[in-house]
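Notes to accompany the following structure.
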Amino acid sequence: MVALSGATPTTDGLVFHLPFEEGTGDTTADLGSGGNDGTLQIAPVPMPTWSTDAPPPLTSSLLFTNSGDSLFTEFGGVAGTAPRSVAFW
C-alpha cells in the first residue's frame with residue numbers, strides 16, 4: 001500500500017456524497033451540492049449500525065449487516081445519459 005501525501009480531499013463538484021462520518025444518530029449528511037441528507041431506516045427492520053472500524057483518515061463507518069438495513073434520501077438517483085462517475089466501497 002502506498003500512502004499519498006500532500007493531497008487534500010475535496011467535495012468540489014460532487015452531486016451526492018455521504019461519507020458516513022457522524023458515528024452516532026439516525027442521519028448522515030450529504031456533503032455534495034444537493035443537500036440530500038440520508039436517514040437510517042429504523043422500523044420495521046433493524047437499521048445499519050455505526051462502527052469505528054474505518055481506515056484512516058476516516059473515523060467511523062456504517063455497517064449494513066442485515067438484509068433489511070437501509071438508508072433513505074431524497075436524492076433522485078443517477079438518471080439520464082450524461083457521463084458520470086459513481087463509487088461505492
Side-chain angles (χ1 to χ4, degrees):
M1 178 181 282
V2 176
L4 299 176
S5 62
T8 303
T10 180
T11 58
D12 292 348
L14 294 179
V15 175
F16 185 63
H17 175 58
L18 298 173
F20 302 127
E21 285 281 310
E22 289 79 6
T24 62
D26 62 357
T27 60
T28 186
D30 174 12
L31 301 184
S33 62
N36 295 297
D37 296 345
T39 302
L40 307 180
Q41 298 298 288
I42 298 171
V45 296
M47 70 180 202
T49 54
W50 291 104
S51 171
T52 57
D53 186 18
L58 304 175
T59 58
S60 63
S61 62
L62 267 178
L63 297 175
F64 291 84
T65 56
N66 297 299
S67 63
D69 287 354
S70 60
L71 177 124
F72 174 79
T73 180
E74 294 290 336
F75 181 61
V78 181
T81 58
R84 67 194 50 95
S85 295
V86 178
F88 299 92
W89 61 89

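Just so it is clear, the structure is predicted and the values come from calculations on it, not from any experiment.
- Tracing side-chain contacts under 4.5 Å through hydrophobic residues (I, L, V, M, F, W, Y), one reaches Val15 starting from Phe20; they form part of the same cluster.
- Closest approach of Leu31 and Pro19 over heavy atoms only: CD1-CG, 3.5 Å.
- The shortest side-chain heavy-atom distance between Leu18 and Leu71 falls under the 4.5 Å cut-off.
- Here the side chain of Asp37 pairs no donor or acceptor atom with the backbone of Ala29 at under 3.5 angstrom.
- Take Phe16 and apply the ring pair (Phe, Tyr, Trp, His ring centres under 6.0 Å) test, not counting sequence neighbours, and it matches Phe75.
- At least one side-chain heavy atom of Trp50 sits less than 4.5 Å from a side-chain heavy atom of Leu40.
- Residue pairs that meet the side chain to side chain donor-acceptor pair (under 3.5 Å) test with at least one member in residues 53-62, sequence neighbours left out, are Glu21-Thr59.
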